[in-house]
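Just so you know, ligand 1 is whichever comes first in the structure, and atom 1 is the first atom listed for that ligand. Just so you know, these numbers come straight off a predicted model, no measurement behind them.
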Amino acid sequence: MMPTRTRQWLSNRMSSHLEWPASRVADLKGDTTVSVVLPAKDEQETVGTIVTTIRESLVEQIPVVDEIVVIDSRSTDETAKVAARAGATVYAQDDILSDLPGLWGKGEALWKSLAVTNGDIVVFVDSDIRNFRTHFVTGLVGPLLADPSLAYVKGCYSRPLRQANSYSPFDGGRVTELLARPLLNMCWPELSGFIQPLAGEYAGRRDVLESVPFVCGYGVEFALLVDLAELVGVDRMAQTDLGSREHSHQSTAALGRMAGQILDTAWSRMHRQGIVVPKHPFSRGITQFVQTDSGYESLDWDVQVSERPPMRHVLEERGVPRPRQP
Ligand SMILES: O=c1ccn([C@@H]2O[C@H](COP(=O)(O)OP(=O)(O)O)[C@@H](O)[C@H]2O)c(=O)[nH]1
Ligand SMILES: O=C(O)[C@@H](COP(=O)(O)O)O[C@H]1O[C@H](CO)[C@@H](O)[C@H](O)[C@H]1O
């Protein structure tokens, strides 16, 4: 449950995107550079509109964003072509630091983006958003430009659940409500003020983002919250109300596997921080079941996530000087 100190944090470190119009953010920008990164796996339907909107409004009309980078995360559709046509710089995730064995997942795409972007501030935006607006970017960048003490800003929003034959205004964020929020409240109550802890829209200072590990699957958001809070403290983290976000939804079974990855991520942090002392190694998989004509078929899934080291270590080892340690 949210401790009193976290309630104070929530009132002090919460803003609305309405406070950060592009014109104000541009005025605050000075010589700070901003990279927008879109991780994209099979997002040809939506990535082009998002890139075009950011380019036209926040690069060409009002100079807030300095580069738009799409990380093509082993897509099997036309994502890369659509993104490039819209004006993004596109990298295939396996072409980045290609001397390292390639890993899978969203976190791998985000981690590798740090090696090919240059912005002092890095903004992450999902590529499957169906109601993207420029305030998804300005609302995250504005607080970082206005307050040098801030290291990281997370978006929050209402999350409608729109499926083939149904619509409910607040039932999205299923893994958040069923797993991430209870876990954070019980093990990291100082983080219980994050309204959408798994939101894919957030921004951070490069020197900070390069100083924490990146979990390579869907645990990346959960891990960043826990690891950044440990590194810089929650008082250097904030959140902005971005209104409402609609995105493409995965099946319940797919979210079950996502939950497995997030639980594996949380276990590792509980162990690392001494919150739990496991008697035996965590299991690396889950078994799901599908009903068939002859009964039930069991499907085994490996949900153990890998983890990349802080990017600063990797780049410094390659002789690439990095911003000072936060
Ligand atoms: O291996 C992956 C899985 C996902 N994504 C991207 O990460 C974002 C969030 O993923 P997804 O939509 O699958 O998660 P959900 O929003 O359903 O939780 C989207 O832009 C995906 O294209 C990615 O780049 N690589
Ligand atoms: O918040 C959630 O429960 C999941 C699933 O959302 P929905 O139930 O499909 O609206 O979506 C998020 O989780 C992923 C894992 O952290 C993030 O990568 C996604 O950006 C985010 O949409």
Review point. In ligand 1, which numbered atoms sit nearer than 4.0 Å to a non-hydrogen atom of Ser248?
Key: 17 (O)

Review point. Any N or O on Lys106 sitting closer than 3.5 Å to an N or O of ligand 2?
Key: yes

Review point. Do any nitrogen or oxygen atoms of Gln196 come within less than 3.5 Å of a nitrogen or oxygen of ligand 2?
Key: no

Point to revise | Atom indices of ligand 1 within 4.0 angstrom of Asp126 heavy atoms, with elements | key: 8 (C), 9 (C), 20 (O)

**Study point:** Given Val34, Val141, Asp120, the one that forms side-chain contact (heavy atoms from CB on, under 4.5 Å) with Lys29
**Key:** Val34

Review point. Under 3.5 Å, N or O to N or O, is Pro160 touching ligand 2 that way?
Key: no

Review point. Mind checking whether Arg245 has a heavy atom under 4.0 Å from ligand 2?
Key: yes

Check your understanding: Below 6.0 angstrom between ring centroids: does that apply to Trp188 and Phe194?
Key -> no

Practice item. Compute the shortest N/O to N/O distance between Asp171 and ligand 2 and return yes if it is under 3.5 Å, no if not. Key: no

Check your understanding: Do ligand 2 and Val175 have nitrogen or oxygen atoms that lie under 3.5 Å from each other?
Key -> yes

Check your understanding: Against heavy atoms of Ala40, which atoms of ligand 1 measure under 4.0 Å?
Key -> 22 (O), 24 (O)

Practice item. For the residue pair Thr33 and Ile121, establish whether any side-chain heavy-atom pair is separated by less than 4.5 Å. Key: no

Point to revise | Side chain, backbone, both or neither: the part of Arg174 lying under 4.0 Å from ligand 2 by heavy atom | key: both

Point to revise | Residue Ser73 vicinity, atoms of ligand 1 by number, heavy atom under 4.0 Å | key: 1 (O), 2 (C), 23 (C), 24 (O), 25 (N)

Check your understanding: To the nearest 0.5 Å, what is the distance between OG1 (Thr4) and CH2 (Trp9)?
Key -> 15.0 Å

